[in-house]
Amino acid sequence: MIKIVQSKKPSASMAKDLKRKRENDSPLQAKRLKLMVSRKELPIWSRKDDILGALEKHNILVLSGETGSGKSTQIPQFLLDASWCTKCVAITQPRRVAAISLARRVAEEMGTPLGKSSPASKVGYSVRFDEAIGPSTRIKYLTEGMLLQEMLRDSSFGQYSCVIIDEVHERNLNVDLLLGFLRELVYSKRRKQPLKLVVMSATADVVGISRYLQAGSPEPSSNGDQTTENDEQEWNGFSENERPARTASRVALVHVEGRQYPVTLSYLDKPCDDMAQAALERIFLIHCKEPLPGDILVFLTGQDKIQQLKASVEAFAANLPPKIPPLQVLPLFAALPQSAQQQIFQPAPPRTRKVILATNIAETSVTVPGVRFVIDCGKAKIKHFHPKLNLDSLLIQAISRSSADQRKGRAGREAPGQCYRLYTQNSYNILEQATSPEILRCDLSAAVLTMIARGVKDPFRFPLLTPPNPKSMMKAMLQLLRLETIDSSGAITPVGRKIARLPLPPNLGAVILYAASEASSCLAEVIDIVSCLTVESIYQHIETESAREEALAARGTLTRRSGDHVTLLTTIRAYAAESTDRKAWADAHLLSHRALQNVLAVRKQLRAQCLSAKLLSGKTFPEDTDAGDPLQPVDEDLEARILKCFIRGFVDNVAKLCPNGSYKTLLGNEIVAIHPGSVLFGRKVEMILYNELVFTSKAYARGVSAVRVGWLEEVWP
DNA sequence: GAGCACTGC
């Protein structure tokens, strides 16, 4: 770029600009050259020609490459050199932090500023609430959900030459949907130039994915299915030389070796029935035998198990002989405050070994540094949606082999490591190969609405990589029909189109629309409550009995008798009204500052979307919604209007009090209990409405409010 | 009568 400008003989001011620019750029260039050395050592570096060659001939590439191959950072950069790559490259990530940190890294490798910081930036990212995209951005890292949202706005992806879907092996719901849409788009006549698709997986088992993508081809596929009679028509929009060569529709497969340190494995000889005891013994066997440095990462199922084991490790460590170095035990789970999570990144005190007791969060989301020993209990809590009972179960289950291998790999990131599996070799052998895809385990109403909004005529027949359970599909269709997002022919309604664009599950989206109606007139209040219901818990994590009492007292002024919905409303309004120090205010009330910030971010987004969808008669939300005294009781009539909106969106989630004191769902007559985290816990009211039902030790209703029988009759005459 | 794996728009 500098060369071009110079050849034009720049004027004095341009020369000055150029000098400044060069000075600004030089540290970036120095960094780029330094990083080039390590880039060239990546296993994927020598495969650049193979990969570009494959994409010259084929529109789809399936690339398998294990941890450390460098695929997530290098492939997008390789693609920029291809002649067909005239526009942007999109690359998706399952998590926000990954999207942002990869973009940052690739910007450094290319010697370009990141995102918005400079118009010259070639690399950017886009995640919810945070976007760094410039006019010359060529590589764009985004979360899967963001790309899906972009697709609802521009269904042909006109701004992209190539879309890369990374971490496909995790099989998130949004990835399965994206693959379904992209598979068609690659061969679609709606695009002037073909879209290239790269699908990347960390596991070598990609036969199913490539067969699926192959079957989307208008070419006769190898197994002969999915061949359409409209092959010629498919390419009608193209002139002869724009049409890809007939071979171009085939899927290319490339495998790249990973780069990891070796990890030695050991199993138990016979199954154990006390996992905590087995883990405790193994921790101290490692600690007393193995030299420092080398931290221990233990995979457990949940925070209760983590806290129990933490207590016994600390008790045992207190009685060790003085020549044994001390242990530092650190819990790690998502509900833990950020500051406590950060501790795992701090170096241990000298001569001390860290033991990190973690949930699944350490399997993919958080990389714990310094780990050379992994202890794996072989189990995890897995959520599963049951369409018939309309509840989620959250039960401890055996993990899959790929999950066990992923856990093992966490020991070999910095040096050779060891992995101790607290189960037998035979138990490992009979594990499922891969964790069941999310599409088989979740409520499909949002996914089906997305399909319909994207123009899918019959969601039951839309080809997905794993066909969902027909009962779940039926449940979702009925739910969408009931919420009036689709009509009886299955076509999307104007209301459905609005709901599909909201970043919410359809039932909460419907509640927003009801609240906007003139009869309800409580849109601002409902947006506040919905924002709270969609983020992580706004309450700080409580460990001890005394802390629980303290929390109840601290939050007392915010608690409202009608239940969680109005309590959340009161809380978020009081937080928003706090003008001096919100962090201190949150801490004083034992609330999570981070969660409350997220609530305000969601609220801002929902308010903006409601305004642009003209759901509010006025042009802005009244500035004074946060003014006045937020601790004043909510007017009874307003409270009734709010809860009636929720009843309409959540008819399935109503339960009545029985003579024996338990609650039974109106539809289905199933027993539900109020979750101990609810303000209604321990109370008896004639009828409850809840946000969700999760089966753990029993069916617990969460996000609960008291409602009147009469309201139901009003809402559903 | 006493509890909440993990992401994401």
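Per chain, numbering begins at 1; letters A, B, ... match sequence-line order.
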query = Can you tell me how far P of B:dC9 sits from NZ of A:Lys498, to the nearest Å?
reply = 24 Å

ask   = Think A:Thr359 has a side-chain N or O under 4.0 angstrom from the OP1 or OP2 of B:dC6?
value = yes

ask   = Taking only side-chain nitrogens and oxygens of A:Arg702, does any of them come within less than 4.0 Å of OP1 or OP2 of B:dG3?
value = no

remark   = Among the nucleotides B:dG8, B:dC9, B:dA2, whichever has the atom closest to the side chain of A:Tyr700 is B:dA2

inquiry  = Can you tell me which nucleotide in B:dG8, B:dC9, B:dA5 comes closest to the side chain of A:Lys381?
reply    = B:dA5

message = Could you work out, with side chain to side chain donor-acceptor pair (under 3.5 Å) as the rule, every residue matching A:His386, not counting sequence neighbours?
response = A:Ser393

request  = Have a look at A:Gly682 and say if it touches a base, only the backbone sugar-phosphate, or nothing, with a 4.0 Å heavy-atom cut-off.
outcome  = base

task = Please work out which residues in residues 146-159 of chain A have a non-hydrogen atom less than 4.0 Å from an atom of DNA chain B and list them by number.
result = A:Met146, A:Gln149

ask   = Looking at B:dA5, B:dG3, B:dG1, which one has an atom nearest to any side-chain atom of A:Lys383?
value = B:dA5

query = A:Arg128 near the nucleic acid: base, sugar-phosphate alone, or nothing, with a heavy-atom cut-off under 4.0 Å?
reply = base

key: Length of the line joining A:Leu178:CG and B:dG8:C1', which is rounded to integer Å   = 12 Å

ask   = Atom CZ of A:Phe695 and atom P of B:dG3: how far apart are they, to the nearest Å?
value = 12 Å

note = Ranking B:dG3, B:dA5, B:dG8 by distance to the side chain of A:Ser697, first place goes to B:dG3

request  = Would you please classify the geometry between the A:Tyr700 ring and the A:His675 ring as parallel, tilted or perpendicular, with 30° and 60° separating the classes?
outcome  = perpendicular

Per-pair distances, 0.1 Å, donor-acceptor, side chain in residues 375-385 of chain A, under 3.5 Å, sequence neighbours excluded:
| residue | atom | partner | partner atom | Å |
| --- | --- | --- | --- | --- |
| A:Asp376 | OD1 | A:Gly378 | N | 2.7 |
| A:Asp376 | OD1 | A:Arg407 | NH1 | 2.7 |
| A:Asp376 | OD2 | A:Tyr423 | OH | 2.7 |

message = Can you confirm whether the side chains of A:Gln406 and A:Thr364 place a donor and an acceptor under 3.5 Å from each other?
response = no

query = Rounded to whole angstroms, how far apart are OH on A:Tyr141 and C1' on B:dG8?
reply = 19 Å

inquiry  = Categorize A:Ile382 for me: base, sugar-phosphate, or nothing, with a 4.0 angstrom heavy-atom threshold over every strand shown.
reply    = nothing

request  = Specify the residue among A:Ala335 and A:Leu504 whose closest nucleotide of DNA chain B lies further upstream toward the 5′ end.
outcome  = A:Ala335

request  = Send over the distance from A:Tyr690 OH to B:dG3 C1', rounded to a whole Å.
outcome  = 18 Å

key: Side-chain touch A:His589/A:Thr571, heavy atoms, less than 4.5 angstrom   = no

ask   = Within the structure shown, what part of the strands sits under 4.0 Å from A:Ile396 by heavy-atom distance: base, sugar-phosphate, or nothing?
value = nothing

task = Send over the distance from A:His675 NE2 to B:dA2 P, rounded to a whole Å.
result = 12 Å

task = Could you check if a side-chain atom of A:Tyr575 sits within less than 4.5 angstrom of a side-chain atom of A:Ile538, using non-hydrogen atoms only?
result = no

Rounded distance in Å - CD (A:Glu144) to C1' (B:dG8) = 8 Å

task = Output all residues satisfying side chain to side chain contact (heavy atoms under 4.5 Å, CB included) with A:Ala340, sequence neighbours left out; order by chain, then residue number.
result = A:Leu336, A:Pro337

key: Residue A:Phe333, side-chain atoms from C-beta onward, closest of B:dG1, B:dG3, B:dC6   = B:dC6

task = List in chain and number order the residues that pass side chain to side chain donor-acceptor pair (under 3.5 Å) with A:Ser562, two or more places apart in sequence or in another chain; answer none if no residue qualifies.
result = A:Glu639

query = Hey, is the side chain of A:Thr143 poking within less than 4.0 Å of OP1 or OP2 on B:dC9, counting only N and O atoms?
reply = yes

note = Residue set satisfying side chain to side chain donor-acceptor pair (under 3.5 Å) with A:Ser156, at least two apart, ordered chain then number -> A:Asp154

request  = Give one of base, sugar-phosphate or nothing for A:Ala334, where a contact means two heavy atoms less than 4.0 Å apart.
outcome  = sugar-phosphate

message = Once you apply a heavy-atom cut-off of 4.0 Å, does A:Val694 come out as touching a base, just sugar-phosphate, or nothing?
response = nothing

task = Please report, rounded to the nearest Å, how far the P atom of B:dA5 is from the CD atom of A:Glu170.
result = 19 Å

request  = For B:dC9, take OP1 and OP2 only and decide whether either is under 4.0 Å from a side-chain N or O of A:Gln605.
outcome  = no

